[in-house]
Amino acid sequence: MRTRYCGALRAEDVGATVTVCGWVARRREHGEHLAFLDVRDHTGLVQCVVDGAHALRSEYVVRVTGTVRLRPEGTANEGLATGEVELGECAVETLNPAEPPPFVLDARGDVDESVRLRYRYLDLRTERMQRNLRLRATVNSAIRRAMERQGFCEVETPLLWTPTPEGAREFAVPSRLQRGAFYVLPQSPQIAKQLTMVGGLDRYYQIARCLRDEDLRADRQFEFTQLDLEASFVGEREVRGFVSEAVAEATEAATGVRPTDFPVITWADAIERYGSDKPDLRFAMEIVDVAPALVGTGFNAFRAPAVRAIVVPGGGDLARARLDGLVERAKGLGAKGLVWMRVVPASGDGGEPGALGIESPVGKFLAPEERAGIVRAVGAAAGDLVLVVADERRRACEVLGQLRLDVGRPPVAEGPYRFVWVVDFPLFDGVDEEGRPVAAHHPFTMPHPDDLERFESEPLSVRAQSYDLVLNGWELGSGSIRIHRADVQEKVFAALGISAEEADARFGFLTGAFRYGAPPHGGFAFGVDRLTAILAGEENIREVIAFPKTQSGADLMTGAPKALAPRQLAELGIRIVGP
RNA sequence: GGACCUGUGGUGCAGCUCGGAGUGCACGCCGGCCUGUCAAGCCGGAGGUCGCGGGUUCAAAUCCCGUCAGGUCCGCCA
């Protein structure tokens with residue numbers, strides 16, 4: 001039907017007679033005997049010169065046969081890949097007419113997202129969506145290449161899985177053959193992939209769809225895609241190596257530049273220095289301990305377990321209203337308050353040249369050496385702004401970590417790409433209402449061997465062999481070395497308050513499998529949607545998903561979710577109660 | 001479950017604070033003119049339940065209450 005793609009025609013094709021197929025992107029009529037027709041396919045646009053175009057409209061599907069020729073002197077279009085040439089002596093065949101589209105498909109102005117989603121099949125024709133979906137395919141392909149090169153075997157796991165009431169809310173699927181019983185859609189292939197290790201697959205991977213019935217966000221859809229992997233007889237470093245390789249391959253395929261730097265930071269350091277377990281390393285503004293400068297201070301607000309600060313370079317000119325806003329923000333985040341200090345050249349005479357002072361609402365409560373000590377400790381220069389929070393250590397760090405992002409963070413999709421591994425997470429994340437530790441990752445995570453002796457005495461100080469991969473402040477994914485021995489697993493279940501019977505009822509098929517010779521194993525999963533979005537320069541994963549849902553879980557194109565026909569409900573034995 | 005932003009011809013916006021006739025801009029659409037444009041240009045035209053419901057008022061796009069939809073965030077996401 002066609003001999004060439006629109007976007008591929010170049011000066012070296014001059015003289016060739018070609019046939020292209022595509023959509024009418026635009027037409028420019030110059031009277032009865034001259035019109036320009038931009039024909040678009042997935043590769044780009046080519047200008048066709050026709051003798052009148054009255055019968056053709058936007059988005060008509062056409063087949064054009066013409067001769068490639070150079071455009072006349074001075075009429076080339078440098079903004080177009082095919083801008084040196086055009087198709088002349090065109091015969092245009094309309095393969096299908098089209099109604100005027102509800103929105104213009106070129107790159108001008110934003111279109112409301114609900115309109116785009118309602119007509120997603122049209123939105124997909126835009127250059128942006130074409131680029132994003134093809135980038136996603138490139139990323140997938142690179143991931144497969146890297147995993148296969150590293151000896152991983154692709155295994156598909158069931159979508160109809162068994163309920164494991166733990167963690168994310170699951171989508172339920174009623175069974176027709178066993179009325180009243182349900183499958184669930186997997187929130188991840190976690191347990192299945194561990195069973196492939198027991199099954200001797202050695203290295204498993206899958207670009208897997210995961211489903212979680214939780215509220216949606218810019219970086220969360222009900223269904224999302226993960227590179228899921230698991231390997232036997234490996235430690236943490238090897239797993240991180242596998243993942244770094246896959247991410248590097250994908251990033252190189254997408255951007256042309258292979259990232260080589262995958263620094264490792266401990267969870268404790270990440271909290272100390274960045275106030276977050278997903279630090280954005282594209283900018284500094286690290287948190288500094290200024291308590292040493294305030295030993296024995298007379299200023300009550302600073303007599304706290306921890307006093308930490310960040311410097312906003314050049315932030316001294318922030319308006320008072322903005323500073324008040326930051327104070328409110330800090331309080332909203334749970335801090336008792338926030339002290340700001342503008343760093344200025346020291347006033348008065350007698351000071352050393354270059355000496356610095358501060359302007360701050362609380363300046364008068366601080367001794368001169370305390371003011372100087374803070375400025376020195378944070379390494380601030382004149383014109384900078386210092387933000388100080390005094391509180392419990394973790395809270396002070398986390399509040400400053402959030403302020404650091406509020407004040408200094410570039411858009412997530414703006415380069416450079418700064419990956420970082422966060423390791424040594426705590427095994428437990430606080431305690432529940434009954435005072436029991438809560439699993440930070442999942443209950444199959446192996447504790448750090450050095451911390452096992454503190455398991456009973458200080459469970460909250462036990463580190464896990466788990467690790468997150470972070471890119472530009474977005475958590476791409478997480479993984480861990482798993483427990484493969486029954487005795488350790490029992491200890492963890494006990495600490496979590498899960499009885500042997502309960503564990504057996506919930507995960508019996510897993511713990512049972514582990515009695516038959518489970519190899520030491522560990523793995524990881526990272527979000528392909530998130531990685532692709534960042535590499536595509538998009539702030540929202542909907543932009544890299546062909547048919548996403550809205551924040552309320554609706555598919556505006558199909559109208560899903562919808563009521564089922566009474567007959568379908570009857571077959572499933574389901575009666576709808578309530579509104 | 002909660003907070004905030006948005007909703008005005010097909011699309012994107014302005015108008016809303018201070019109520020006074022559906023007023024305006026750009027794009028698209030339809031028709032006419034136009035032989036080198038490329039977001040073509042020029043002229044003309046059509047197109048509206050101001051998301052929906054209620055209230056206040058002589059009078060509501062505008063003020064108030066409720067509700068729906070889209071978005072951002074908190075909770076939630078082992």
Side-chain angles (χ1 to χ4, degrees), chain A residues 25-40 45-54 57-59 69-80 82-84 86 88 98-119 122-123 164-170 186-188 190-191 210-222 224 329 332-334 402 406 425 427-429 432 437-445 464 466 475 478-480 492 496 498 506-507 525 527 539-540 542 548-554 556:
Chain A
R26 258 187 303 274
R27 66 201 165 94
R28 296 176 290 280
E29 291 189 72
H30 289 257
E32 232 178 309
H33 292 297
L34 177 67
F36 299 99
L37 212 59
D38 287 343
V39 177
R40 178 192 68 231
L45 291 179
V46 68
Q47 172 170 289
C48 303
V49 185
V50 297
D51 190 359
H54 297 288
R57 293 290 183 270
S58 288
E59 302 308 316
R69 65 189 191 200
L70 281 178
R71 294 190 185 188
E73 186 77 31
T75 63
N77 183 350
E78 286 178 13
L80 202 62
T82 61
E84 273 190 281
E86 63 189 10
E99 290 181 17
F103 55 95
V104 184
L105 300 187
D106 64 21
R108 69 182 88 168
D110 289 335
V111 179
D112 189 81
E113 194 164 353
S114 61
V115 177
R116 293 176 57 204
L117 290 180
R118 180 167 167 208
Y119 300 97
L122 293 179
D123 190 42
T164 51
E166 180 99 12
R169 188 180 297 114
E170 297 162 325
Q187 44 179 295
S188 85
Q190 179 64 36
I191 294 176
C210 305
L211 300 109
R212 296 180 186 173
D213 189 3
E214 299 288 354
D215 287 1
L216 277 41
R217 289 283 192 283
D219 60 353
R220 280 169 21 196
Q221 283 272 304
F222 283 153
F224 59 100
R329 171 74 166 150
L333 291 165
Q402 189 58 56
D406 290 351
F425 273 74
L427 185 64
F428 302 112
D429 185 22
D432 64 16
V438 179
H441 188 47
H442 57 62
F444 318 116
T445 303
S466 70
E475 182 193 324
S478 59
S480 64
V492 172
L496 293 170
I498 302 175
R506 281 201 213 168
F507 314 111
E539 303 277 335
N540 194 304
R542 287 190 299 271
K549 309 244 181 324
T550 67
Q551 194 162 45
S552 62
L556 297 181

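It should be emphasised that the depicted structure is a prediction, and the values quoted were computed from it without experimental measurement. Chain letters run A, B, ... following the sequence lines, proteins first, then strands; residues in each count from 1.
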- Atom C1', compared across B:A39 and B:U11: separation rounded to whole Å: 14 Å
- Query: In terms of side-chain heavy atoms of A:Glu29, which of B:G75, B:C34, B:U35 is nearest?
  - Reply: B:C34
- Message: Under a 4.0 Å threshold between the charged nitrogen and the carboxylate oxygen, would A:Glu99 count as salt-bridged to A:Arg57?
- Response: no
- Query: Contact class for A:Asp112 vs. all strands (heavy atom < 4.0 Å): base, sugar-phosphate, or nothing?
  - Reply: sugar-phosphate
- Note on the structure: As its Watson-Crick or G-U partner within any shown strand, both distances under 3.5 Å, B:U57 has none
- Message: Taking the minimum atom-to-atom distance to the side chain of A:Arg26, which one of B:G71, B:A39, B:C29 wins?
- Response: B:A39
- Over 12 non-hydrogen atoms of neighbours within 6.0 angstrom of CD in A:Glu32: no
- Query: Looking for any heavy atom pair under 4.0 Å, which part of the strands does A:Arg329 touch: base, sugar-phosphate only, or nothing?
  - Reply: nothing
- Note on the structure: Of the candidates B:C74, B:G12, B:G36, the side chain of A:Val115 sits closest to B:G12
- Item | Distance test, side-chain N/O of A:Thr550 to OP1/OP2 of B:A69, below 4.0 Å | no
- Item | Span that lies between the C1' atom of B:G10 and that of B:G47, in whole angstrom | 9 Å
- Can you tell me the distance, in whole Å, between the CG atom of A:Leu216 and the C1' atom of B:G2? 17 Å
- Query: Between A:Glu29 and A:Arg27, does at least one N-O distance fall below 4.0 Å, as a salt bridge requires?
  - Reply: yes
- Item | Candidate nucleotides B:C77, B:C34, B:G36, ranked by approach to the side chain of A:Arg212 - the nearest | B:C77
- Message: Quick check: on RNA chain B, is the nucleotide nearest A:Leu556 upstream (toward 5') of the one nearest A:Glu86, or the reverse? Name the residue that is more 5'.
- Response: A:Glu86
- Looking at A:Arg220 and A:Asp215, does any basic side-chain N land under 4.0 Å from a carboxylate oxygen? no
- Task: Please state the P separation for the pair B:G15 and B:U56 - nearest whole angstrom.
- Result: 29 Å
- Note on the structure: In whole angstroms, the gap separating P of B:A39 from CZ of A:Arg40 amounts to 15 Å
- Task: Name the closest nucleotide to the A:Leu34 side chain, picking from B:U35, B:C73, B:G31.
- Result: B:U35
- Task: Would you say whether A:His30 stacks on B:G36? The test is a distance between ring centres of less than 5.5 Å and an angle between planes of less than 30°.
- Result: no
- Pair assignment for B:G41, Watson-Crick or G-U wobble, requiring both distances under 3.5 Å: B:C33
- Spell out yes or no: do the side chain of A:Glu32 and the base of B:U35 have one donor N/O and one acceptor N/O closer than 3.5 Å? no
- Item | Per A:Pro102 side chain, nearest of listed nucleotides B:U37, B:G70, B:G10 | B:G10
- Length of the CD-P vector between A:Gln551 and B:C76, whole Å: 16 Å
- Query: So, is A:Arg57 near the phosphate of B:C30, with a side-chain N or O under 4.0 Å from OP1 or OP2?
  - Reply: yes
- Message: Please check this pair: side chain of A:Ser466 against backbone of A:Gly479, looking for a donor-acceptor N/O pair closer than 3.5 Å.
- Response: no
- For B:U57 and B:C76, measure between their C1' atoms and round to the nearest Å. 45 Å
- Quick one: are A:Leu80 and A:Leu45 in side-chain contact, heavy atoms under 4.5 Å? yes
- Query: What integer distance in Å separates A:Asp406:CG from B:C73:P?
  - Reply: 13 Å
- Between B:C27 and B:A40 - P atom distance, rounded Å: 11 Å
- Task: Look at A:Arg28 and B:U37 and indicate whether a side-chain polar atom (N or O) is within less than 4.0 Å of OP1 or OP2.
- Result: no
- Message: Roughly how many Å apart are B:G71 and B:C30, using the C1' atom of each and rounding to a whole number?
- Response: 34 Å
- Item | Rounded interatomic separation in angstrom, taking CD from A:Gln402 and P from B:C74 | 8 Å
- Distance test, side-chain N/O of A:Ser58 to OP1/OP2 of B:G28, below 4.0 Å: no
- For B:C76, take OP1 and OP2 only and decide whether either is under 4.0 Å from a side-chain N or O of A:Arg220. no
- Message: Rounded to whole Å, please give me the gap between CG in A:Asp38 and C1' in B:U37.
- Response: 9 Å
- Task: Just name whichever nucleotide pairs with B:G24, Watson-Crick or G-U, keeping both distances under 3.5 Å, else none.
- Result: B:C13
- Item | Charged N-O contact under 4.0 Å between A:Glu113 and A:Arg118 | no
- Task: Could you pick out which residue, A:Glu113 or A:Ala76, lies toward the 5' side of RNA chain B when each is mapped onto its nearest nucleotide?
- Result: A:Ala76
- A:Arg542 side-chain N/O to B:U72 phosphate OP1/OP2 under 4.0 Å: yes
- Query: Has the side chain of A:Arg217 got a donor or acceptor atom sitting under 3.5 Å from an opposite partner on the base of B:G75?
  - Reply: yes
- Note on the structure: Looking only at B:U37, B:C77, B:U35, the nucleotide nearest the A:Gln47 side chain is B:U37
- Message: Is A:Phe36 stacked against the base of B:U37, taking the criterion as centroid distance under 5.5 angstrom and interplanar angle under 30°?
- Response: yes
- Options B:G36, B:G75, B:G70, nucleotide nearest the side-chain atoms of A:Asp215: B:G75
- For A:Glu214 and B:C74, give me the distance from atom CD to atom P, rounded to whole Å. 14 Å
- Message: Counting neighbours of CD on A:Gln402 that are heavy atoms of other residues, nucleotides or ligands and sit closer than 6.0 Å, is the number greater than 12?
- Response: yes
- Write down the distance separating the C1' atoms in B:G9 and B:G24, rounded off to the nearest Å. 13 Å
- Task: May I ask you to check whether A:Thr164 and A:Glu170 show a side-chain donor-acceptor distance below 3.5 Å?
- Result: yes
- Do the side-chain N or O atoms of A:Asn540 get closer than 4.0 angstrom to the phosphate oxygens (OP1, OP2) of B:U72? yes
- With a non-hydrogen cut-off below 4.0 angstrom, is A:Thr164 in contact with a base, only sugar-phosphate, or nothing? nothing
- When you compare B:A14 with B:G66, how far apart are their C1' atoms, in angstrom units rounded to a whole number? 28 Å
- NA contact type, A:Ala35, heavy-atom cut-off 4.0 Å: base, sugar-phosphate, or nothing? nothing
- Task: Measure from CG on A:Leu80 to P on B:G36 and round the result to the nearest Å.
- Result: 20 Å
- Could you please name the partner base of B:C50, counting Watson-Crick and G-U wobble pairs only when both distances are under 3.5 Å? none
- Which nucleotide, in any strand shown, forms a Watson-Crick or G-U wobble pair with B:A69, with both distances under 3.5 Å? B:U6
